[in-house]
Amino acid sequence: MKQLIKDAVINGLEQCRASGLLSGEGCPDFVVEVPNHSDHGDFAVNVAMMLAKAERKAPRQIAEILLQQLQSSQGPWQRIEIAGPGFINFFLKPICWYGLLADIYRQGEHYGRGTLGAGRKVQVEFVSANPTGPLHIGHGRGAATGDAVASVLQEAGFDVQREYYINDAGNQMDTLGRSIFLRYQQLCGRDVEFPADCYQGDYIRDEAQIILDREGERFLRMEEGEAIRWFACHGGEAIRRGIDADLQQFGVHFDNWYSEQSLYDRNLVAEGIEALKEGGHIYEQDGAQWFRTTAFGDDKDRVLVRSNGATTYFASDVAYHREKYQRGFDTVIDVWGADHHGYVPRMKAVLSALKRDPEDLQIILVQLVNLLRDGVQVAMSTRSGTFVTLKEVLDEVGRDACRFFFLMRRSDSQLDFDLELAKKQSTENPVYYVQYAHARVCSINRNAAEAGLTLPGADQVDLGKLELAEELALAKMLERYPQVICGAAQHFEPHRLTFYVQELAAQFHSYYNQYRVIVDDRATTLARLYLVNAIRIVIQNGLRVLGVSAPEQM
RNA sequence: GCGCAAUUAGCUCAGCUGGAUAGAGCGUUGGCCUCCGGAGCCAAAGGUCACAAGUUCGAAUCUUGUAUUGCGCGCCA
């Protein structure tokens with residue numbers, strides 16, 4: 001629709017020049033936009049203001065000349081006018097909007113799908129929490145965000161893979177093994193000290209108990225190093241399965257779980273370092289191997305291999321990201337906690353060193369969640385063991401409310417999550433507001449069916465019966481949906497969709513409260529059923545992308 | 001100290017590629033159920049878009065500076 005207006009304006013401009021009304025050449029890169037106020041029409045064009053200098057004429061004067069030209073030709077508009085400093089405002093015929101409703105029915109659950117991605121391969125890596133403890137509420141926000149970004153990209157036509165990176169190679173796994181082993185020994189009655197740098201959470205003791213029940217006391221006789229390795233391996237896998245179960249409950253499904261250890265097993269870490277070395281990006285100092293990330297804008301160079309021979313976490317990240325592109329992804333998206341923002345330059349440096357466009361790596365920073373209970377901040381730390389898990393929150397407030405809540409802000413904005421507030425299920429929790437709009441249409445449909453009315457098809461509707469300003473506004477709102485998806489995908493901002501469905505629901509509730517859908521006049525009833533069910537489809541689609549259900553009854 | 005981000009209504013936040021009179025929710029105040037589901041709707045009040053310069057037809061949006069807040073700055077993961 002926008003393009004149609006743009007073409008018409010360009011065409012009109014050329015004709016004005018051909019007839020000598022305007023001089024100048026070339027066409028400025030003007031904008032067709034949707035004005036904030038409906039008084040300003042459906043679309044506004046700023047071309048006259050941009051031409052003012054080149055034409056040496058007042059913007060309104062240029063607009064007047066263009067207006068004459070446009071009015072003499074055919075177009076989908078009802079009227080065109082000049083306003084403000086020189087905007088040309090287009091008012092379209094209602095049928096232009098109502099005609100688009102047929103697309104929504106024709107495409108159904110596919111309405112909103114775009115071709116922006118053109119099938120290009122994108123990977124979204126998110127959560128990737130260390131398998132040393134259960135997911136907490138902060139991971140939940142990352143999970144909701146990553147999953148929604150992936151879904152939005154899918155809707156926009158990208159070929160998306162969701163991946164979870166398991167940090168199963170560091171010394172934290174050793175700490176995990178030791179922690180469980182110590183609890184195990186305590187459960188066996190041994191008087192051993194449990195140091196502060198071990199994981200304190202109750203789940204450690206639970207895991208130890210499970211192992212004790214299943215395996216008995218045989219590990220007491222095992223050499224300590226060997227026992228710790230066993231506990232690390234089995235404990236890590238058990239915790240990973242627990243994480244997976246929590247994510248399942250949250251409705252998040254990964255296509256791939258990627259082990260950091262596997263990078264070492266396949267020698268990819270050494271290969272990654274070698275690749276950087278070949279590019280001349282590595283030097284040795286104080287017995288360590290350094291990657292010259294400062295050559296690509298980082299603050300300081302980074303160590304890949306320590307003087308004791310151990311590789312750093314960054315080294316496996318180099319290998320990991322290098323391997324992602326070898327797997328054929330055009331764009332790779334990492335979802336990180338915002339406290340890791342200092343790592344962005346060095347990861348971008350990896351791409352530059354590997355001769356990849358740094359834009360091929362997009363990093364979404366998610367602010368940590370500020371968890372409150374009755375307005376009082378809950379301190380969270382994995383080490384101290386005082387954290388609220390994602391599962392606890394899910395059990396309390398439910399999946400839909402939880403996901404919607406996480407997606408109500410842009411990801412790099414702080415989020416206050418008050419558990420008591422979220423549990424109230426009152427107006428503070430807007431997910432019900434949106435779901436209710438959907439359920440209301442379904443309720444209308446049930447009533448319509450009882451009255452012997454069936455949902456009309458596009459060819460059975462007299463669109464002329466939709467003559468209310470509110471109905472036209474709703475139709476326009478529905479037309480915007482695919483653009484919202486597209487914008488959210490381009491900017492990796494799923495919160496745009498959250499805002500959109502809320503706005504659409506609000507507009508529907510308002511309409512519903514003011515007018516009745518089922519009225520005496522059959523043709524009007526059918527037309528309104530046609531409209532509100534298009535709304536239902538769009539709300540359902542929007543919620544599905546956000547990972548929230550659209551119940552028919554509440 | 002250096003770097004990154006933020007600063008918009010009483011509170012929490014949107015604001016698209018620079019566009020016309022800056023929006024929403026909550027809270028406050030006052031209304032709306034004989035009526036398809038009141039988990040809803042309507043109305044009112046509420047603003048120096050942190051501050052100051054600059055860029056231009058036009059700035060909450062772009063540039064620079066200042067202030068405040070948060071985060072990051074290891075041969076940790």
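This one's a predicted model, so the numbers in the text were calculated from it and none came from an experiment. Reminder, nothing fancy here: chain letters follow the sequence lines and each chain counts from 1. As a basis for the values below, the full set of heavy atoms in this structure was taken, side chains included, without hydrogen atoms, waters or symmetry mates.
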One thing to verify: whether [Y] and [X] come together as a salt bridge, which I'm taking to mean a side-chain N less than 4.0 angstrom from a carboxylate O.
X: A/Asp29; Y: A/Lys6; result: yes
X: A/Lys324; Y: A/Asp334; result: yes
X: A/Lys476; Y: A/Glu479; result: no
X: A/Asp521; Y: A/Lys465; result: yes

How close or far is atom [atom2] of [N] from atom [atom1] of [X], stated in whole angstroms?
X: A/Ile364; N: B/C4; atom1: CD1; atom2: P; value: 21 Å
X: A/Asn89; N: B/A20; atom1: CG; atom2: P; value: 11 Å
X: A/His438; N: B/G40; atom1: NE2; atom2: P; value: 18 Å
X: A/Gln414; N: B/A5; atom1: CD; atom2: C1'; value: 11 Å
X: A/Arg409; N: B/G15; atom1: CZ; atom2: P; value: 12 Å
X: A/Met50; N: B/C57; atom1: CE; atom2: C1'; value: 11 Å
X: A/Asn445; N: B/G37; atom1: CG; atom2: C1'; value: 13 Å
X: A/Gln367; N: B/C71; atom1: CD; atom2: C1'; value: 7 Å

Considering every strand and a 4.0 Å limit on heavy-atom distances, what is the contact class for [X]: base, sugar-phosphate, or nothing?
X: A/Ala44; result: base
X: A/Ala58; result: nothing
X: A/Glu284; result: nothing
X: A/Tyr515; result: base
X: A/Asp168; result: nothing

Select one nucleotide: of [options], the one nearest the side-chain heavy atoms of [X].
X: A/Arg410; options: B/A77, B/A14, B/G19; value: B/A14
X: A/Glu33; options: B/G19, B/G72, B/G40; value: B/G19
X: A/Met554; options: B/A20, B/A39, B/C75; value: B/A39
X: A/Tyr436; options: B/G38, B/G23, B/A77; value: B/G38
X: A/Ala288; options: B/C75, B/U12, B/G40; value: B/C75
X: A/His495; options: B/A77, B/G15, B/G19; value: B/G15

Examine [N]: is either OP1 or OP2 under 4.0 Å from a nitrogen or oxygen in the side chain of [X]? Give yes or no.
X: A/Tyr433; N: B/C41; value: yes
X: A/Lys53; N: B/C57; value: yes
X: A/Arg302; N: B/C73; value: no
X: A/Asn36; N: B/A20; value: yes
X: A/Tyr313; N: B/C75; value: no
X: A/Ser510; N: B/C42; value: yes
X: A/Arg446; N: B/G37; value: no
X: A/Arg60; N: B/C57; value: no
X: A/Ser413; N: B/A6; value: no
X: A/His491; N: B/U17; value: yes

N/O donor-acceptor pair, side chain [X] with base [N], under 3.5 angstrom:
X: A/His341; N: B/C71; value: yes
X: A/Asn46; N: B/G19; value: yes
X: A/Asn513; N: B/G40; value: yes
X: A/Ser307; N: B/C75; value: yes
X: A/Tyr343; N: B/A77; value: yes

Where the side chain of A/Gln289 meets the backbone of A/Ile273, is there a donor-acceptor pair that is under 3.5 Å apart?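 Here the side-chain-to-backbone pair does not exist.
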I'd like to know if the side chain of A/Tyr199 and the backbone of A/Ile180 have a donor-acceptor N/O pair within less than 3.5 Å.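 Judged by distance alone, no pair lies under 3.5 Å.
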Among A/Asn167, A/Ile239, A/Ile243, side chain to side chain contact (heavy atoms under 4.5 Å, CB included) partner for A/Asn130: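 Result for side chain to side chain contact (heavy atoms under 4.5 Å, CB included) with A/Asn130: A/Asn167.
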Which whole number of Å gives the distance between the [atom1] atom of [N] and that of [M]?
N: B/A14; M: B/U7; atom1: C1'; answer: 15 Å
N: B/G70; M: B/G46; atom1: C1'; answer: 28 Å
N: B/G30; M: B/C11; atom1: P; answer: 23 Å
N: B/C41; M: B/G58; atom1: P; answer: 41 Å
N: B/G23; M: B/C49; atom1: C1'; answer: 12 Å
N: B/C4; M: B/G47; atom1: P; answer: 35 Å
N: B/A9; M: B/G25; atom1: P; answer: 16 Å
N: B/U17; M: B/C62; atom1: C1'; answer: 12 Å

If pairing requires Watson-Crick or G-U wobble contacts with both distances under 3.5 Å, which nucleotide is the partner of [N]?
N: B/U56; answer: none
N: B/A44; answer: B/U28
N: B/A9; answer: none
N: B/C51; answer: B/G65
N: B/G37; answer: none
N: B/C2; answer: B/G72
N: B/U21; answer: none

Quick check, does A/Phe87 stack with B/A20? I mean ring centres under 5.5 Å and planes off by under 30°.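 A stacking contact exists, since A/Phe87 sits close and nearly parallel to the base ring of B/A20.
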Tell me whether the ring of A/His40 lies stacked over the B/A20 base, given a 5.5 Å limit on centroids and a 30° limit on the plane angle.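 It does: the ring sits over the base of B/A20.
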Within 45° cone and under 6.0 Å: A/Arg79 NZ/CZ vs A/Phe91 ring: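 So A/Arg79 does make the cation-pi contact.
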Angle between ring planes, A/Trp257 versus A/Tyr164, binned at 30° and 60°: parallel, tilted or perpendicular?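 Because their plane-to-plane angle is under 30°, the rings of A/Trp257 and A/Tyr164 count as parallel.
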Within 90° of 0 counts as syn, otherwise anti: where does B/C33 fall?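 Glycosidic conformation of B/C33: syn.
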Enumerate donor-acceptor pairs with a distance under 3.5 Å from any side-chain N or O in residues 50-58 of chain A to protein atoms, sequence neighbours excluded.
unit_1: A/Glu55; atom_1: OE1; unit_2: A/Ser23; atom_2: N; d: 3.1
unit_1: A/Glu55; atom_1: OE1; unit_2: A/Ser23; atom_2: OG; d: 3.2

